[in-house]
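Everything on this sheet refers to the single structure shown next.
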Protein chains: 2
Amino acid sequence: MLNKKRLLAPGPTPIPERVRLALAQDMIHHRKPEFKAIMGQVQKRLQILFGTTQPVMPLACSGTGVMTAAVTNLFAAGEKVLVIEAGKFGERWAEICEASNVAVEKLVLDWGQAATAEAVANMLDLHPDCTGVLIQLSETSTGVLHPVNEIAEVTKDRDVLLVVDGISAVSISPCSMDAWDIDCLLTGSQKGLMLPPGLGLIACSEKAWKKAESVTPSCFYFNLRAEKEKILQNQTLFTTPVSLIIGLNESLTMFEETGFDVIFKKQWALTMMARTAVTEMGLELLAKDHFTWGLTSVLVPENVDAGAVLEYAKENFGVILAGGQAHMKGRLVRIGHMGWVDWADLAAGLHAFAEGCKACGGTIASGYLEKSLHAYHSALSASDVS
Amino acid sequence: MLNKKRLLAPGPTPIPERVRLALAQDMIHHRKPEFKAIMGQVQKRLQILFGTTQPVMPLACSGTGVMTAAVTNLFAAGEKVLVIEAGKFGERWAEICEASNVAVEKLVLDWGQAATAEAVANMLDLHPDCTGVLIQLSETSTGVLHPVNEIAEVTKDRDVLLVVDGISAVSISPCSMDAWDIDCLLTGSQKGLMLPPGLGLIACSEKAWKKAESVTPSCFYFNLRAEKEKILQNQTLFTTPVSLIIGLNESLTMFEETGFDVIFKKQWALTMMARTAVTEMGLELLAKDHFTWGLTSVLVPENVDAGAVLEYAKENFGVILAGGQAHMKGRLVRIGHMGWVDWADLAAGLHAFAEGCKACGGTIASGYLEKSLHAYHSALSASDVS
């Protein structure tokens with residue numbers, strides 16, 4: 001009873017009570033009018049969320065599942081795509097392509113770096129047989145925000161589909177599929193949407209749908225053209241995760257009540273808060289210029305083991321943070337601040353992280369907490385974000 | 001979605017999810033074996049909580065209800081009692097006595113002052129016809145902790161019952177009914193016990209039970225001798241608030257798992273945290289030496305309206321604090337930190353309070369937040385509390 005549990009990982013994220021109560025409702029049948037009415041509401045709200053007039057298809061799967069659906073429905077075996085590999089989830093794109101016999105050219109970047117439109121254009125010029133560019137909007141393993149809107153300027157007039165993993169970005173920072181000329185946008189339920197994992201969401205542009213006509217999906221479970229026909233009737237191809245859809249409707253109601261302008265401003269202010277705290281602590285941010293709005297990646301002091309910091313924060317403060325992945329394990333701590341996380345939660349996370357670093361032999365400058373709260377308030381009261 | 005709601009009032013207090021899930025269970029019948037078994041468990045745990053071998057009787061009523069039960073079962077019309085009046089709840093004792101035709105002598109103290117055993121002894125010497133001393137352990141309106149254990153030294157060998165309102169004290173700071181020689185101890189569900197309001201708990205010493213034999217309860221609803229017979233069969237006289245009893249069993253399970261040594265240490269550390277913050281802000285604490293462990297009362301700067309501070313904290317931070325009562329309205333803010341409230345909740349409350357004071361024209365010295373967290377950690381790691 002000393003510490004409430006505080007989940008500050010970059011997904012899964014905490015679930016608001018309103019959504020938990022919706023999730024706790026008794027089961028209804030997914031093929032009956034009552035459920036179809038809910039799915040109809042959800043669909044309208046998902047189109048606003050994605051910034052698209054295209055249908056947004058819900059799939060019962062994890063984020064990797066919906067990434068697999070994108071690859072296997074938009075690219076045939078033997079085709080070649082360009083993958084932006086700047087972290088673990090860029091690598092995930094490449095792995096999925098390879099498993100699906102889609103050839104991969106890679107734009108490999110150091111962890112913490114963002115792709116540029118110029119580099120993408122150069123790669124496409126070098127490899128004109130690429131029919132797709134696969135990228136993350138937010139690379140969750142590093143906290144980098146790739147400039148997807150700029151990259152879309154490169155892809156939109158080429159015979160190339162821009163496929164965007166928006167898993168830790170959609171509902172967290174602005175992303176407008178139609179206005180940005182994204183050809184395929186997807187996300188998962190367990191980040192900004194404040195739901196348990198288990199639901200993927202995906203939409204395709206007209207250009208992508210045309211391309212999909214020439215592709216026979218290689219996996220029976222993921223069939224986007226068939227899903228499209230179904231969602232137009234407020235249904236899914238297979239049994240839908242009913243409770244998650246009902247929970248999603250509640251999350252989307254909360255977004256509607258709050259307004260995305262306020263939500264994005266909050267996310268920006270939390271990001272400024274976390275980045276100010278890290279800098280004031282005397283530590284280094286992994287993502288320097290292009291950073292996502294839902295998590296902040298910090299390099300722990302040289303002599304400190306990040307794993308020990310996580311353990312200390314959990315044991316002594318009830319705060320759950322995330323570590324680095326792959327070669328950044330032990331060096332990186334990722335502080336999640338997306339979805340149902342507010343300034344006071346983040347303050348708790350920053351304090352637990354700082355105390356953890358100190359307990360593990362690191363030096364942390366004092367004064368970071370009040371300065372970070374000041375940065376939060378300044379960002380929130382600024383007239384515009386970004 | 002900018003601010004989660006944070007309830008930092010001195011009751012009602014937040015309810016842990018475990019307890020809410022227990023409260024949400026479907027109804028069971030209060031006269032059947034299933035419920036009796038639960039009541040039996042609860043009873044054993046309540047005796048540990050109260051530090052007594054006497055039965056602890058649950059009553060379906062508010063705090064004032066259980067105070068009324070004490071007065072109307074222990075004192076007959078025409079008797080006289082000494083009331084320690086050092087705040088709104090001392091006044092409540094006097095009001096109940098007057099409504100029950102029990103005469104009142106008062107030991108009136110300034111708000112913020114604690115009674116002394118010497119003053120109580122002097123009053124009893126002056127008024128030897130007093131058959132009871134009615135006091136709060138924690139006076140919720142001021143944040144004062146009266147030295148009830150010292151006062152019991154005065155009453156125990158006299159023909160006087162010591163009746164203690166432990167509403168904002170039991171489960172928050174040490175209070176051992178039998179060891180301290182308290183004759184009647186009572187509390188409510190909505191403070192340290194982390195439950196909704198609606199349940200009162202009361203126990204009487206052997207001396208009090210003997211006295212009760214000579215009293216005919218003036219209110220049909222409150223009959224402690226009849227309740228005693230019932231609770232020995234794990235029942236109550238009238239319909240019991242079933243869900244609250246089931247929730248109470250869960251709260252008491254949490255206490256059992258954590259240990260009262262840890263809970264009291266936490267409450268002490270939170271109190272040190274709040275008091276350090278207030279002092280570092282440059283503000284004045286109302287209760288100087290004898291202070292309760294579940295709330296901290298702060299005098300706002302002279303030029304500031306406490307009501308406006310509360311409003312600012314609620315509107316801009318989602319933090320619910322309490323104001324002063326009676327003549328302290330507008331001058332006092334009471335920050336609750338009892339029950340299901342931890343260091344990070346309190347940090348949020350202190351920040352919201354400080355920002356509220358600033359927004360309302362007050363001057364707040366900076367640095368209070370990290371210093372208060374330091375005080376919390378120091379108090380928590382100290383080997384003993386007092």
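Since this is a predicted model, take the numbers as computed values, not measurements.
Neither the backbone nor the side chain of B:Leu270 comes within less than 4.5 Å of any heavy atom in chain A. Heavy-atom distances place the side chain of B:Thr258, and not its backbone, under 4.5 Å from chain A. Using a 4.5 Å cut-off between heavy atoms, B:Ile263 touches chain A through its side chain atoms alone. Using a 4.5 Å cut-off between heavy atoms, B:Gln267 makes no contact with chain A at all.
Taking the side chain as every heavy atom from C-beta outward, B:Arg20 and A:Glu17 approach each other to under 4.5 Å. Residues B:Leu380 and A:Leu2 have side chains in contact (heavy-atom distance under 4.5 Å, counting atoms from C-beta outward). A 4.5 Å side-chain heavy-atom check between B:Met1 and A:Val262 finds every atom pair outside the cut-off.
From B:Arg6, atom CZ reaches atom CG of A:Asp345 across 5.0 Å, with rounding to the nearest 0.5 Å.
Contact check on B:Lys5 versus A:Asp342 returns no salt bridge, with no Lys/Arg side-chain nitrogen under 4.0 Å from an Asp/Glu carboxylate oxygen.
Looking at B:Glu370, its side chain does come within 3.5 Å of a backbone N or O of A:Leu369 through a donor-acceptor pair.
Between A:His377 and B:Phe317, the ring planes are perpendicular. Angles over 60° get that label, and only those under 30° would be called parallel.
B:Lys4 and A:Trp340 get closest at one heavy-atom pair: NZ-O, 2.8 Å.
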